[in-house]
Amino acid sequence: MLARRRAGTPAPPKKPAPPKTPAPPKTPAPPKTPAPPLMLYPAAMPGTPTNANTVTRFAPSPTGHLHVGGARSALFCWAFARREGGRFMVRIEDTDQARSSEESARGILEDLAWLGITWDDGPVLEVRQSAMGNGQSARGVVIGGSSRAVGPFFQAQRVPIYNAYIEHLVRLGRAYPAFESNEELEARRKAVVALKQNYKYQRPDDITPGQFNKARWERAQAGERHVVRFVMPEEAIVVADEVLGDVRTAGGEVDDFVIRKADGFPTYHLAVVVDDELMGVTHVMRAQEHLINTPKHVALQRALTRLRDDRDALSPAGDAFRTPVYAHMPLIFNADGSKMSKRDKAKAARKHLKELMAKDASATPATVAQRAALSEGVVSAFIAGESDAVETASAIASAYAIALPEIEVWDYRASGYLPEVLTNYLALLGWSPGLKNPDGTDVDKFDLDFLAKHFSIERIGKTNARFDRVKLLAFNADAIAKLGDQEFITRWLGWLSTYAPQVHSGLAGPYSQQQLLWLAQAVKPRAKTLADAHKSVAFILLADDAVVLDPSAVQRGLAGQAAPVNKQDPPTGLTGRHVLVAMRQALADVPDWEPANIDSAIASLAQAKGVSLGSAATGLRIALTGSTVSPGLGHCCAILGRERTLARVDRCLAQA
RNA sequence: GGUCCCAUCGUCCAACGGCUAGGACGCGACCCUUUCAAGGUCGAGAUGAGGGUUCGAUUCCCUCUGGGAUCACCA
């Protein structure tokens, strides 16, 4: 318990420097006393509540869209940096040549911007208006760059730096080139596993820790295909985690892991350690799946020393690398407890497809391929489960109107969730403010400003969480309901313009500002997302002569008798149709065409005719929408306008 | 399987040795109502098991059980 309460504040970064703060005292980096054998704590300055030198970072690998788990990591890092008055940085970890793409990096940055998570250091992103979800105009806003000159922020552009540190380690005898082929390694692993033993890479006999192996280095320099491995020290390593407490890894657990791949790119372990040091990262907050990697990183930090010249392995060595404060946060899973994965989309699409093909003989890979504009081979492979490509799943889903599960931030944006709701909900997964509202309930609705003020590592939980879409949806509905009418209109139209342009033009053009406000009042309380908002007013988008009257509704509401005001009263003897005829006149006579007046006209008419308000309303409702379901009639009529309202009533009377 | 992490209502979080274990989502009932929503009120619902420590354990310790992460030239 005590362990996690340590308010770790690491040594200030070497290249500090937001110029406005008085330069932090240049404490000659606390001489890292020869590391104590077992315990390794971050250099701490106890009692410092906030620290403008705090630097956190979110370091996604650009291999797809931003995952909700990643979004939460980014959110916590952002919030912590804000709380401390420090800096939040984004770094793109694109050292996997095969899987990384610039497009994906841009998408991730846009998703972050949409969520309102902005970075002080990182890639430059010019925000397009559509990228912002808060309804504010953000056209031309530029996020990112670096006032600290610690970039570039794409690791692929930093390879010479990693190479300098790698060579430095090799010359120190702390790393060495290894020449085994993949096949060779795989064969050894299989052999060991077959004996039910645990596989570990065996350090070659000619490697002596602390001794530069010149022969191997020369082979490598001569161009022989190789990787570089780190000489993992034997001692136990204790990671002082702010969430989990001390986590001890016994000596000899970790083997000589690869720090540079055969393609010349560093592995994650090396790159992350070098960059975090060079970029002054003080707090590493990431998902618990990385906990097990941390001893590797600590070992690397203890082996590395700053080079005067980052690109020259032979340059004089400077201060030792520092160990940042670590905080590993719990994982996020699906509601069923399974791991959240992009493959869920493929699974969902495949399932629907299989059901469809079982029911409908005309659905074959060929017809599916045609309809989804894919090749038959791709579709067959997809159905067979040989491919889980998101693109394939999406194409099939849109061709067959299949709802795919939302798992990436992008999906929630497209589904009409508000960014502040997503960040609110995400913050509650693994963290809580621990505050009470005046009425005694727990504080659970808050915005980014609140987070920036109240976030703390101490209140991060340890247990894995399940992502509950139903609760998120409820939060979204609440947030939409709370939006002001004008605010709702702005954001709704903004969403429609990118995701449902036809609906957008059907509303934004023809309707007046006043009508749009009425529309907001009609739609808002019925909308759980911006995407489903138009459902309740779909009838408005129809041409007046395109309203389809539901026969059973007509039977009940128009042909049948209108109910009396009180159930005990004698039958009225009037059909719904009779009432509607009178209703037409009442509507024609409404003085000012606005919801309240229309509603009261309807009520007066019902009273005058001695029929229940419900039955009087039903007739009109059928005339306007063809069905017995709609928002309040006052609003419906008001939005439609008197002329179109009467036209629909007339048409209904003529048909029913 | 090795190593590591975790354990409070169905789910997400509160309660950091001390009042009938609290809130949110979901669920049920009722109320309101111009249909559908929304809204309001009430309710059911949890400390995984067994041992300790203590005047007192959800809370501290141990064992078991259960869940998870990780064992790559991915991050």
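Since we're looking at a predicted model, the values are computed, not measured. A note on names: the letters A, B, ... follow the listed sequences, proteins ahead of strands, and every chain is numbered from 1. Note that these values count all heavy atoms, side chains included, but never hydrogens, waters or copies made by symmetry.
Rounded to an integer number of Å, the gap from A:Leu435 CG to B:rC13 P is 16 Å. Going from atom NE2 of A:His67 over to atom C1' of B:rA75 covers 14 Å, rounded to whole Å. Atoms CG (A:Asp275) and P (B:rA75) sit 13 Å apart, rounded to a whole Å. The CD1-C1' distance, from A:Ile332 to B:rC13, rounds to 14 Å in whole Å. Remark: P of B:rG1 and NZ of A:Lys190 are 22 Å apart, rounded to the nearest angstrom. Rounded to whole Å, the distance from CZ on A:Arg621 to P on B:rU34 is 10 Å.
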**OP:** Spell out protein contact along nucleotides 61-73 of chain B as letters: B when the base is contacted, S when just the sugar-phosphate is, - when no protein heavy atom is under 4.0 Å; keep the 5' to 3' order.
**Re:** -------SBS-SB
Subject >> Nucleotide-resolved protein contact map, nucleotides 18-24 of chain B, B/S/- at heavy-atom distance under 4.0 Å >> reply: ----BBB
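By the 30° and 60° cut-offs, the orientation of the rings of A:Phe467 relative to A:Tyr412 is tilted. Using a 30° and 60° split on the angle between ring planes, A:His297 and A:His269 fall in the tilted class, from 30° to 60°. Ring planes of A:Trp431 and A:Phe76: perpendicular class, angle over 60° (limits at 30 and 60°).
To the nearest whole angstrom, the two P atoms, one in B:rC16 and one in B:rU59, are 13 Å apart. B:rA44 and B:rU33: their P atoms are spaced 28 Å apart (whole Å). Rounded to whole Å, the P atom of B:rU70 lies 27 Å from the corresponding atom of B:rG10.
At a threshold of 4.0 angstrom between heavy atoms, the contacts of A:Pro631 include nucleobase atoms, whether or not backbone atoms are also involved. In this structure, A:Gly632 reaches the bases: a heavy-atom distance under 4.0 Å links it to at least one base atom across the strands shown.
Side-chain nitrogen and oxygen atoms of A:Thr463 include none within less than 4.0 Å of the OP1 or OP2 phosphate oxygen of B:rA7.
In this model, no donor atom of one side chain and acceptor atom of the other lie less than 3.5 Å apart for A:Gln288 and A:His328.
Under the 3.5 Å distance criterion, the side-chain polar atoms of A:Thr423 are matched with a main-chain donor or acceptor of A:Glu420. Using a distance-only test at 3.5 Å, with no hydrogens or angles considered, no donor-acceptor pair links the side chain of A:Lys261 to the main chain of A:His226. Between the A:Asp255 side chain and the A:Lys200 main chain, no donor and acceptor come within less than 3.5 Å of each other.
Remark: A:Arg91 engages A:Glu93 in a salt bridge, criterion side-chain N to carboxylate O under 4.0 Å.
Relative to the ring axis of A:Phe179, A:Arg219 places its NZ or CZ within 45° and under 6.0 Å from the centre.
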Original post:
In dot-bracket notation, what is the pairing pattern of RNA chain B, taking Watson-Crick (N1-N3 plus N6-O4 or O6-N4) and G-U wobble (N1-O2 and O6-N3) contacts under 3.5 Å, with [ ] crossing and | for other strands?
Top reply: (((((((..((((....[...)))).(((((.......)))))....(((((..]....))))))))))))....
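Taking both residues in full, the closest heavy atoms of A:Asn476 and A:Gly416 are given as ND2-O, 3.3 Å, listed atom of the first, atom of the second, then distance.
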